[in-house]
Amino acid sequence: MAESNTSVSCSSDNFYSELLSPSELFAARSRSHKIPARGQKEFLPDGSARQRERLQQSLEEHWSLISEERVERLGALVKGEWIPSKNVVVLKSPAGKFWQTMGFSEHGKQLLLPEEALYLMECGSVQVFLHDLPLSIQEGYEMFLSKDTVNLQQYQVFSHLKRLGYVVSRFDRSTVPSHYERQLNLPPERDGHGRQLKRKRSRSPSSQLPDGQGGVAGESLEMRGGETKSQRANPEDGAAGLSEPEAERMVEDVPVPSGVPERRWWVEGGADLPQSPTRPRHRGWVWETITLPDLGAHRCQPALAAPDPSLLPGRLSVGVCAMEPWLRRLNLRPERLSRRERERERSRYRRDVNDDREVRHCRSWAEYHELRRRRRNRHGRRNRPEHLWEGKVTPLLQPGQHTTAGDVLDKIGVVGASRLLDGAAGLEDSEGWKISFDVFQPDTVAEFKKSSPGKPYSRLCVCSFEGPVPDLRVLKQLAFQSGDVPVTFAVVDHGDISFYCFKDFQLPTDTSH
Amino acid sequence: MAAAGRGDAGADPASNPGTVAVCFCESTPLLWRAGDVRTARQTGVVGTLMGSLARQPRQNCRLGRPLELLREEARLLADAGRAVLLSSSRPKSTGAANPELVKQHQEQMDQSYSEQSQLAQQDKKAVLLRVMADKKQGSNQSDQALQERLLALDHGFTFPRTAMAVQLSTARAGMSYGPEELRFLAADSLSPRDERQEARYRVFRDLRRRGFYLTTGGKFGGDYLVYPGDPLRFHAHFIAICLPMDEALSLCDLLALSRLGANVKKTVLLCSPGAEPEEVLYTSLQWSGMV
């Protein structure tokens, strides 16, 4: 609708100005919020007046809906300011209901990611300013969406899902628990609990707060799993703090046999992974330097060294540990094997083939084979007829070994069953394919906590019909990155979004007969 | 191509009616103004709406501005001289506030506030008067109370600033960031990159010339969906797939396409630009049985 603004405006003669006058703004309070339903479509245009009329009506309705501008009460709007250097929006007034699922805190301020801010602008909840001037939605699109933040297609998927009610957050690789951690099935870490356990050391100067959006602070071993945006605020004190005082000391590899060995294996050694400067260095244990003394061995140390008092809580001090009383509790009696066990030891575990005199007598391979055959027959290998087992081709199964049809099928199967994650661990990142978002279901919004969101319902990878179809390598790599959460591909086609996912499927085997 | 003079601070570059301003957001052509969307539709360019609807932002059935255009649609508009192509660069982080514009904005807000508070006062008075008129037969006491309230309104009416209605503009209002931020693009930015895109454009132009309306057809396995009339009122009849003339298509693909068409009750149209400049050849596929 072309309206001209009667008050002070530089575009007063602009035919297409869409600014509303104050009276219109006031009247907009009583606007209807209902959307008229669309009627049934017709099959063929027949040039009739009725069709023309219907079309005009639909079009008019369409234009009136499209041209409506967003009008909100000033008190209901949350003010925000766009920081171009950090690609975030800082909230200047307290956040509303959306804070439960969106945004993060840093330095005591409430921040929104660009895609979240843009979505909230479109919903009419937040008004974002830049240099004290309010931004329009168009400016929001042009400024907030870029390759560094979220591109237009990813934003389309993001807003599509948000409008349906899902909770969508950016994917962070370091929060995916590894396969081993999942096997351990540890209880989920709670925020305050984890923090208390860390030892507070002097703040390390190297652990800077990450800039803007991407860098998540902490791949430390203490804080796995519960890491989300709200924890970016605090640097990993315990882990980072350790590095500074110890960094200069050298690593002692081998404990001195006499006297009390020094224990320094917790010092960061050579197991550094190259990380971005915003992350504290990865704490790896140098396994070669960790020695667990074998107390049962003959040449064990008479005493264990005292632990470093800085590792102990409070003012506890522990002296050197004498081994005598502990050794007495160990069963140090020499093993007495029965005759059969000794035989077995001799024949299987400790014997070198060439020790055998008879083998040394053999002068050729043929004689050796003959010797073996004789021995086998002597020991009475039951159930192994020669004509079956001595040729080049031997039976696949021993009678009595595999009893069920399923077992037999497994053994004779040529093509083994394979799963999606086979061989996925070693794949490097493919070009252009990456997981963009985590999606959580809408009915969990009531209990959703940003600090511990839990396992997402699905992870999204955004692509388009103009790009290539993901191949098996990409599927494996993305499935591996995602852990046990299924990966959905959101294909954007000029505004239309379709979702596809690939599922692992095992062909059923029929073993009923 | 209608291109206004560069650096003209006063005029909006696309202020002529009948010309649309196509703004590029990362190489995707978008239309932001409602008038532009309307003008485009009048020339047969439908596009897809991809923003939230202002009236009800939290639903996906009906979306609002911006309107996303296909490259072919933008190119058609540009070739017909009906479009101005704009791309804005992001403001530098060291940019400072423009005190002129801030002052203007403040004045606007203040004026809007004063007008709205007057309107609110009048509105309340009108309500009271209506109540009084309805209760003509009422007792004197209630009448007096209403009179008192009317007087109170005149003297002590307050309209808090937070109750003021504020507009969140969809399209960029004027040139708030200065003319150097808008770069005028030449039409070659939309020229096709390879043979397939060229084929698509020629097919688009030809079908458009024949009066069909076209939208994106990726979900149906094709390039375009072809409507006999406006998509608001009619169903699509064809799925158009654009191929260069000499590209070989395997039989499996043909079978898959015809099956797809049969399932969605649309005819598959294989389109190829011919040797002549304006010639486009069409082949339709229909799955039928031999009885």
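Residue numbers start from 1 in every chain, and the chains themselves are labelled A, B, ... in the order their sequence lines are given, proteins ahead of strands.
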**Report entry** A:K41 atom NZ, neighbour heavy-atom count above 12 within 6.0 Å
**Finding:**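 Counting other residues, nucleotides and ligands, NZ of A:K41 exceeds 12 neighbours.
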What distance do [X] atom [atom1] and [Y] atom [atom2] have between them, rounded to the nearest 0.5 Å?
| X | Y | atom1 | atom2 | result |
| --- | --- | --- | --- | --- |
| B:R33 | A:S67 | CZ | OG | 14.0 Å |
| A:L74 | B:M164 | CG | CE | 5.0 Å |
| A:K162 | B:N60 | NZ | CG | 13.0 Å |
| A:E68 | B:T170 | CD | OG1 | 10.0 Å |
| B:T28 | A:H494 | OG1 | NE2 | 8.5 Å |
| B:L63 | A:E122 | CG | CD | 9.0 Å |

**Report entry** Donor-acceptor contact below 3.5 Å, side chain B:E115 vs main chain A:S23
**Finding:**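 Side chain of B:E115 to backbone of A:S23, a donor-acceptor pair under 3.5 Å: no, none is there.
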What part of [X] lies closer than 4.5 angstrom to a heavy atom of chain B: side chain, backbone, both or neither?
| X | result |
| --- | --- |
| A:Q51 | side chain |
| A:S498 | side chain |
| A:F465 | side chain |

Query - Salt-bridge present (A:E61, B:R62; N to O < 4.0 Å) - result: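 Salt bridge flag = yes for B:R62 with A:E61.
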Heavy-atom contact with chain A under 4.5 Å, split by part of [X]:
| X | result |
| --- | --- |
| B:R41 | side chain |
| B:C23 | side chain |
| B:P228 | both |
| B:Q59 | both |

Query raised in the report: When heavy-atom pairs shorter than 4.5 Å are enumerated against chain B, which of A:I497, A:D132, A:V491 gives the highest number?
Result: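 Option with the greatest count: A:D132.
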Query raised in the report: How close do A:V71 and B:A165 get, heavy atom to heavy atom, and via which atoms?
Result: CG1-CB, 3.8 Å
**Report entry** Interface residue of largest heavy-atom contact number with chain A, from B:Q118, B:H237, B:R161, under 4.5 Å
**Finding:** B:H237
